[in-house]
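Okay, so here's the structure we're looking at.
First listed ligand is number 1; within each ligand, the first listed atom is number 1.
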Amino acid sequence: MSVLPIRVLGDPVLREDTRPVAEVTDATRRLIDDMFETMYAANGIGLAAPQVGRTERVCVADVDGAAYALVNPEVVHSEGPKAKAEEGCLSIPDIYGDVERPSRVTVRALDRDGETIEVNAEGLLARCFQHEIDHLHGKLFIDYLSFLKRRSALAKWEDEKDQYPGFIRILKPGKSASEHPEEEL
Ligand code: K2U
Ligand code: ZN
């Protein structure tokens, strides 16, 4: 497994739609494993394939110890009151903003074995799923901000983006990798 570089705002890959996965293969499972390793190294609770420069429609999540690999995920049902909460993004470091989303969703996807699953999610898991599925269609949380808040966020990003030449954010391997240095990059 590898910790992959994360693509940051400005990289066009974050704005492209992803390709549905025709068949879940060993290559898909390797991508899933690398995405989990990268997400944990970044202290994230979700990660979508475009954030590591890949165009497959794949995302991962781990909220309160419940880990999910979702291939070709789609929200098939949403309900409940809209909930507003502050969001961030591993591809837009140090930028935050309030986003309103349905509080409960049902997501249908293929799992890492290619089996169809349906997950009923609420709370932070529901929000994470929606954030990641947005990534798979080139949408970012800043797109939900008001004109003034988005302008302010983008102005702050203008001051920060020089830290990421080539729109690349390099992560140190996470705890698990350091425990097994032979597995490091
Ligand atoms: O896709 C990503 O960039 C990872 C996101 C996922 C996420 C954003 C907002 C709300 C829920 C999930 C985060 O940056 S992961 C960081 C994080 C950690 C704990 C709680 C919320 C967000
Ligand atoms: Zn994100």
Side-chain angles (χ1 to χ4, degrees), residues 2-18 31-75 78 80-107 109 119-146 149-150 153-154 156-157 160-161 163-164 167-176:
S2 303
V3 174
L4 303 174
I6 288 182
R7 307 298 179 90
V8 300
L9 187 63
D11 188 320
V13 73
L14 293 174
R15 287 303 191 179
E16 291 163 10
D17 204 353
T18 50
L31 171 59
I32 287 169
D33 292 343
D34 288 350
M35 287 174 65
F36 271 118
E37 188 83 7
T38 303
M39 180 186 75
Y40 293 131
N43 296 314
I45 58 172
L47 192 71
Q51 294 181 277
V52 291
R54 297 287 289 265
T55 58
E56 292 94 327
R57 193 162 295 171
V58 176
C59 64
V60 297
D62 186 338
V63 177
D64 298 332
Y68 296 90
L70 302 177
V71 179
N72 303 335
E74 51 186 332
V75 174
S78 63
K82 291 248 183 178
K84 182 182 283 189
E86 185 177 70
E87 296 193 11
C89 182
L90 298 176
S91 293
I92 319 176
D94 306 322
I95 304 289
Y96 302 93
D98 288 343
V99 177
E100 198 172 73
R101 297 186 189 271
S103 53
R104 290 191 297 275
V105 293
T106 300
V107 171
V119 185
N120 296 315
E122 61 183 12
L124 185 55
L125 183 62
R127 180 169 298 275
C128 182
F129 282 170
Q130 294 173 84
H131 181 109
E132 303 313 331
I133 292 171
D134 274 350
H135 268 301
L136 298 178
H137 299 287
K139 196 169 179 76
L140 303 173
F141 86 90
I142 55 172
D143 301 338
Y144 294 93
L145 304 183
S146 67
K149 288 186 176 175
R150 184 164 58 250
L154 292 175
K156 182 178 179 191
W157 179 248
E160 309 220 347
K161 66 178 186 179
Q163 302 172 55
Y164 309 101
F167 304 115
I168 295 286
R169 176 185 175 195
I170 303 294
L171 298 167
K172 296 183 179 60
K175 182 171 175 295
S176 56

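Residue Gly44 has at least one heavy-atom neighbour below 4.0 Å for each of these atoms of ligand 1: 15 (S). Interface of Leu90 with ligand 1, defined as ligand atoms under 4.0 Å from a residue heavy atom, comprises 2 (C), 3 (O), 4 (C), 14 (O).
Within the 4.0 Å heavy-atom criterion, neither part of Met39 lies near ligand 1.
Atom CG of Asp94 is separated from atom CH2 of Trp157 by 8.0 Å, given to the nearest 0.5 angstrom. Between atom CG of residue Leu140 and atom NE2 of residue His135 there is a gap of 6.0 Å, rounded to the nearest 0.5 Å.
Taking 2.8 Å as the limit, the number of protein N, O or S atoms around the Zn ion (ligand 2) is 3.
You'll find the side chain of Met39 stays beyond 4.5 Å of the side chain of Gln51, heavy atoms only. Within the 4.5 Å cutoff, no side-chain heavy atoms of Ser103 are placed close to those of Glu122.
For atom 1 (O) of ligand 1, the nearest non-hydrogen atom of the protein is Glu132 OE2, 2.8 Å. From the protein, the heavy atom lying nearest to atom 4 (C) of ligand 1 is Gly46 O, 3.1 Å. Among protein heavy atoms, the minimum distance from atom 13 (C) of ligand 1 is reached at Gly88 O, 4.0 Å. Protein heavy atom closest to atom 21 (C) of ligand 1, with residue, atom name and distance, is Ile45 CD1, 3.7 Å.
Residue Leu47 places no N or O, backbone or side chain, under 3.5 Å from any N or O of ligand 1. Where the criterion is an N or O separation shorter than 3.5 Å, residue side chain and backbone included, Asn43 fails it with respect to ligand 1. For Ser91, no nitrogen or oxygen atom sits less than 3.5 Å from a nitrogen or oxygen atom of ligand 1, counting backbone and side chain alike.
By the 4.0 Å N-to-carboxylate-O rule, Asp34 lies too far from Arg54 to be salt-bridged with it. Of the charged side-chain nitrogens involved, at least one lies within less than 4.0 Å of a carboxylate oxygen, so that Arg15 and Asp143 count as a salt-bridged pair.
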| When you look at Arg169 and Leu171, which way does the side chain to side chain contact (heavy atoms under 4.5 Å, CB included) test go after all the steps? | CA-CA 6 Å; Arg169 176 185 175 195; Leu171 298 167; 3.9 Å; yes
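Residue nearest to atom 9 (C) of ligand 1, selected from Glu87, Arg101, Gln130: Glu87 (by heavy-atom distance).
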